[in-house]
Structures are given as structure tokens and as C-alpha cells.
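Data first, discussion second: the structure below is written as C-alpha cells.
Numbered from 1 within each chain, the chains take letters A, B, ... in sequence-line order. Because the structure is predicted, anything quoted here is derived from the model rather than measured. Below, each value reflects all heavy atoms present in this structure, side chains not excepted, and no hydrogens, waters or symmetry copies.
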Amino acid sequence: MIDANLLRDNPEAIKASQRARGASETLVDEAASADANWRKALAEFETLRAEQNAKAKLVAGATKDDRAALIAEGQALAAEVKVAEQRANEAQTVLDAAIWKIENVVLEGVPAGGEDDFVVIREEGTKPVFNFEPRDHVALGELLDVIDIERGAKISGSRFYFLKGWGARLELALMNMALDQAAKAGFTALITPTLVKPEVMAGTGFLGQHADEIYYLPGDDLYLTGTSEVALAGYHSDEIVDLSDGPKRYAGWSTCYRREAGSHGKDTRGILRVHQFNKLEMFSYIAPEEAEAEHQRLLAWQEQMLQKCELPYRVIDTAAGDLGSSAARKFDAEAWVPTQDAYRELTSTSNCTTFQARRLNVRYRKEDGKTATVATLNGTLATTRWLVAILENHQQEDGSVRIPVALRPYLGGAEVIEPKKKSNN
RNA sequence: GGAGAAUUCGCCUAGUGGCCUAUGGCGCCAGCUUGGAAAGUUGGUUGGGUGCAAGCCCUCGGGGGUUCGAAUCCCCCAUUCUCCGCCA
């Protein structure tokens with residue numbers, strides 16, 4: 001939710017942001033007038049309520065004669081108050097609906113436009129040169145017996161898979177390496193619930209235009225989370241967190257579930273786009289004025305992971321129209337996928353400023369003792385998808401895959417994953 | 001799934017219709033005291049909304065109701081705990 005004060009003081013700034021996103025500017029005017037209506041209705045209600053409270057207090061000390069008259073007045077007031085209160089509540093409902101539709105105000109410097117209007121910030125690493133025809137991760141997965149897509153589909157349908165043997169171990173190694181790095185950087189590990197209540201899902205901003213991306217269990221009124229960000233953002237909801245010792249940083253591990261509605265026919269091969277995967281996510285609660293610096297730190301930690309995996313990648317500054325509704329700025333790191341001759345997103349880090357925290361009511365105490373809304377940021381540190389880039393970039397002519405040096409300690413020192421021996425399964 | 005109990009200001013706790021504008025303790029903050037500290041002592045200590053302000057309104061798990069008036073009475077819901085049943 002945007003800051004109502006900004007709506008009153010500088011609606012033009014919000015309109016400019018909506019414009020950059022290609023979102024509605026009219027929403028801003030609607031919200032502003034709903035805000036004025038609400039404040040008027042609230043003032044009327046509160047005035048009447050004050051009168052009612054004062055009258056009710058007089059009853060106790062009144063003489064028998066006055067009592068009956070006071071009670072009659074009280075009855076009349078009670079009816080008026082009820083009407084006024086209802087009117088105020090309705091005005092607030094209208095305001096909430098309007099203000100919740102407005103997306104986070106993008107930060108200065110964010111490129112305007114849509115999906116293709118991103119800006120490349122830098123490219124790192126060297127793309128591999130093969131003197132043989134490189135295999136894609138599906139072929140490698142089969143050859144090495146580490147990814148079983150056929151049986152995944154047999155059990156659960158398309159976009160499901162088994163990670164097997166070194167594939168399973170590789171994913172766990174990646175997660176553990178990420179967790180170690182995060183712990184060293186001061187993050188607290190959290191294994192999060194993957195089913196959450198509607199208000200948490202709504203609070204994180206995922207129930208807007210991407211609602212059909214989310215698995216929902218009607219029998220229980222619970223949502224399956226597509227990222228542990230949801231649980232991590234909800235973790236401190238309705239709390240006043242203590243930031244006097246610096247930001248609160250969490251590394252959340254969870255399985256993630258995504259319906260991938262609307263992406264039929266896109267990335268159907270392999271495990272690039274799947275319904276279920278694992279992810280280690282960084283999440284920071286921090287004072288708003290430090291949020292942009294923290295965003296750079298999250299990005300640096302992500303790049304550190306990519307470098308440990310010896311992957312060539314580029315960093316892009318996502319355009320306003322391609323930001324999630326909660327994000328004020330987003331950087332993606334995309335790794336090179338040789339067989340696609342393209343960079344594909346491996347990490348994404350968003351600065352949600354105070355937008356998400358305001359919805360979830362997460363505050364902190366400033367030095368002057370007053371409370372204020374915190375800023376929240378999130379960023380990927382490792383996901384199952386990384387296996388695609390690792391397998392493809394480090395493949396060798398015989399189909400074996402060299403394990404990046406930094407990952408070896410997490411794999412019992414193994415240096416190479418060898419093709420499986422010929423057998424019946 | 002069945003039965004019962006609980007939920008009050010960071011923590012513990014008092015409170016069975018108006019004097020609750022919520023008690024007391026612990027913790028915390030500030031002052032006094034001290035060479036410094038402890039002890040003692042005095043004061044402060046839930047948050048939110050609205051308003052230029054004074055102020056006013058809301059907040060006793062959440063929502064609704066009864067009443068002139070609700071922490072207190074009634075209804076619904078959530079969460080936690082205990083016992084029984086069932087179970088990967």
C-alpha cells in the first residue's frame with residue numbers, strides 16, 4: 001500500500017509512477033477523493049461519538065428525575081452514532097479498495113516501459129566456447145541420470161520432475177552453499193510454511209494481477225506460496241520490530257509452487273519453468289533510508305553465488321512496467337544458457353520500500369521513539385533452476401559435468417558428474 | 001473428529017455493567033541518591049486514527065449483538081493448551 005500522506009501531499013509523484021508502469025493514473029484521483037470523503041465521514045462520526053460518551057457519563061451521577069431524560073437522549077444519539085459509524089466504515093472500505101489498487105511508487109532511475117525496456121547494468125564472466133555440439137540440460141539430465149522428467153510427468157503431469165542421484169545432491173549442495181554464505185553475512189535461516197492465509201498472500205501483493213499464478217486450496221482457504229518471500233514478509237506482520245542492532249535479515253528456504261498459468265507452450269522443455277522447485281531467499285527488514293544500499297548488498301550477495309558457481313551472467317535493471325506491484329525497483333541476474341544462446345533469469349532482487357510492510361503492518365521504532373513503517377527487500381540466493389545453468393555451462397565433450405570448485409565441499413569432494421553406466425533403468 | 005480450558009499494556013497479573021481515563025509486580029527509560037555502582041526513592045513506559053492546534057475518537061485475541069453506558073453479558077470466528085479418538 002502506498003503512503004496515504006504522499007497521496008495528500010504529492011499525488012503527482014504517484015501519477016508519474018503509474019505512468020512509468022503503464023498503469024492507471026485515474027486511480028490516484030479516485031483514491032484522493034475517497035480519502036477526502038473518508039476523513040469527512042470520520043470527523044462527523046467522532047463528533048457524535050464524543051457527545052454520546054459525554055452523555056452516557058452523566059447518567060451515573062444524575063438524579064432520578066434527570067436520569068430518564070438523559071437516557072432518552074442517549075438512545076437518540078446511539079441511533080445517530082450507529083448511522084454515522086456505518087457511513088465512516090463504508091467510506092473507509094471505498095478508500096482501502098482504491099488505495100490498494102495503486103502500485104508501489106517506482107524509484108528514480110528505474111527505466112520506464114515494459115518487459116523489453118530493461119537496462120543491462122553489467123555482464124560478468126566468460127561464456128563457454130565448446131568445440132563440440134553442447135547438450136541441453138534435459139539431454140545432460142538423462143545422460144547423467146540426474147533429472148527424470150518423464151517420470152515426473154507420469155506422477156504429477158507436465159512441468160514436474162524428479163531430481164535423482166547427483167542431481168538431488170547438487171540441488172542440496174547449492175542450497176547449503178547459499179545457506180552458509182547467508183549465515184556468514186548475518187542472515188538467520190528460516191524454513192517457512194508454504195501454505196499461508198489469504199491476508200498474508202494479499203499483504204505481500206501477490207493477489208493482484210498475478211492471482212491466477214497461485215495455487216489455492218478452497219477447502220482450507222489457504223494459498224500455496226510461490227516463494228518463501230510470502231512467509232518471510234508475513235513473519236513480522238503486526239509487529240514493531242527492533243532494528244536498533246541493524247536490519248533483520250532472514251534466509252528462507254522453502255519449496256515453491258507456481259501454476260504457470262498463461263505460459264502454456266513457454267519453456268516446456270526441461271526444468272527451467274516448473275510448478276514446483278526449491279529456493280533459498282534472502283529477506284531484509286530495514287529502515288527506509290537504508291533500503292537502496294541494502295538492495296545493492298543483496299545484489300552483491302547474489303553475484304557472489306553466481307561467481308562461486310562459475311557462471312557467466314548479466315545484471316539487468318527491470319523496467320517499471322515489468323515490476324511486481326510491491327516492487328519499487330528490481331534487479332535480475334541472468335545466467336548464460338548456452339543451448340538457448342540467451343541469458344535466463346536466475347535471481348531477482350526487489351526493493352519493496354515501505355509498500356509491503358505497510359500492508360502487513362510491520363513497523364520499527366526510530367531513535368526519537370516514534371514508530372514508522374519499515375522497508376522490506378528480497379532476493380534469490382539459489383533455486384533449482386540454477387542446475388540448468390550449471391549443467392550446461394560446465395559440460396564436457398563426453399557428457400560429464402565439471403562441478404564448480406566452491407560446490408565440491410558440499411558434494412563430498414566430487415569433481416565431476418559422470419554419465420551413467422549402461423543398464424536397464 | 002469429540003470434550004474442556006485459556007487469550008488483558010514487552011512479560012506476569014487484578015478486574016463479574018458506570019468511580020476502568022485498566023490494578024499491581026517484573027523489565028525498561030529518566031531524575032534524585034553515590035567516588036562509581038547496587039539498593040532505595042520519584043516520575044515515565046500499549047499502540048493507532050483524525051485535526052493547524054487544543055482536543056477528540058478507537059484499542060482488553062478478531063468480528064457482531066444487547067445496553068443510555070461493555071474488559072465485564074450474549075453470539076460467531078481465530079489461536080494456544082489439555083484429554084479422548086484417528087492417522088503417512
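A:Lys15 pairs by the salt bridge (charged side-chain N to carboxylate O under 4.0 Å, His left out) definition with A:Glu12, A:Asp29, not counting sequence neighbours. By the side-chain hydrogen bond (donor to acceptor under 3.5 Å, both in side chains) test, A:Gln395 pairs with no residue at all, sequence neighbours left out. For A:Asp317, the salt bridge (charged side-chain N to carboxylate O under 4.0 Å, His left out) test picks out A:Arg329, with sequence neighbours left out. With sequence neighbours excluded, no residue satisfies salt bridge (charged side-chain N to carboxylate O under 4.0 Å, His left out) with A:Arg408. Remark: A:Lys82 engages no residue in a side chain to side chain contact (heavy atoms under 4.5 Å, CB included) (not counting sequence neighbours). Applying the side chain to side chain contact (heavy atoms under 4.5 Å, CB included) rule to A:Leu58 yields the partners A:Leu70; only residues at least two apart in sequence or on another chain are considered. The side chain to side chain contact (heavy atoms under 4.5 Å, CB included) check on A:Val83 picks up A:Arg87, with sequence neighbours excluded. Scanning for salt bridge (charged side-chain N to carboxylate O under 4.0 Å, His left out) contacts around A:Arg385 gives an empty result, with sequence neighbours left out. The side chain to side chain contact (heavy atoms under 4.5 Å, CB included) check on A:Asp35 picks up A:Leu7, A:Arg8, A:Trp38, A:Arg39, A:Leu95, with sequence neighbours excluded.
Separating the P atom of B:rU72 from that of B:rG61 is a span of 9 Å, rounded to the nearest Å. The separation of B:rC60 from B:rA71, taken at their P atoms, amounts to 7 Å, rounded to a whole angstrom. Atom name P, nucleotides B:rA70 and B:rC77: the rounded distance is 24 Å, in whole Å. Comparing the P positions of B:rG27 and B:rC12 gives an interatomic distance of 15 Å, to the nearest angstrom. The P atoms of B:rU16 and B:rA6 are separated by 15 Å, rounded to the nearest whole Å. Across the P atoms, B:rU80 and B:rC74 are found 25 Å apart, a figure rounded to whole Å. B:rG64 sits 30 Å from B:rU45 when the P atoms are compared, rounded to a whole Å. On the P atoms, B:rC26 is 22 Å away from B:rC20, given to the nearest whole Å.
A straight line from CG of A:Asn361 to C1' of B:rU46 spans 13 Å, rounded to a whole angstrom. In this structure, A:Asn89 atom CG and B:rG63 atom P are separated by 11 Å, rounded to whole Å. Distance, A:Glu199 CD to B:rC77 P: 17 Å, rounded to whole Å. Between A:Lys197 atom NZ and B:rC77 atom P the separation is 15 Å, expressed in whole Å. Put simply, CG on A:Leu58 is 13 Å from P on B:rC19, counting in whole angstrom units.
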If a protein heavy atom is under 4.0 Å from the base, mark B; if only from the sugar-phosphate, S; if neither, -; do that for nucleotides 48-62 of chain B going 5' to 3'. SBSS----BBS----
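Look at A:Glu85 and A:Arg49 and you find a salt bridge, because one of the NZ, NE, NH1 or NH2 atoms lies within 4.0 Å of a carboxylate O, short of that distance. One finds no salt bridge joining A:Asp212 and A:Arg259 here, because no Lys/Arg side-chain nitrogen approaches an Asp/Glu carboxylate oxygen to under 4.0 Å. The pair A:Glu260-A:Arg273 meets the salt-bridge criterion, with a side-chain N (NZ, NE, NH1 or NH2) lying under 4.0 Å from an Asp/Glu carboxylate O.
Here A:Lys82 reaches the OP1 or OP2 of B:rU66: one of its side-chain N or O atoms lies under 4.0 Å away.
A stem is defined here as three or more consecutive Watson-Crick or G-U pairs, each with both distances under 3.5 Å; for RNA chain B these stems are B:1-7 with B:78-84, B:10-12 with B:24-26, B:27-32 with B:40-45, B:47-50 with B:55-58, B:61-65 with B:73-77.
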For nucleotides 68-72 of chain B, which of its nitrogen or oxygen atoms have a protein nitrogen or oxygen under 3.5 Å away, and what is each distance?
unit_1 : atom_1 : unit_2  : atom_2 : d
B:rC68 : OP1    : A:Gln75 : NE2    : 2.6
B:rC68 : O4'    : A:Ile71 : O      : 3.4
B:rG69 : OP1    : A:Gln52 : NE2    : 3.3

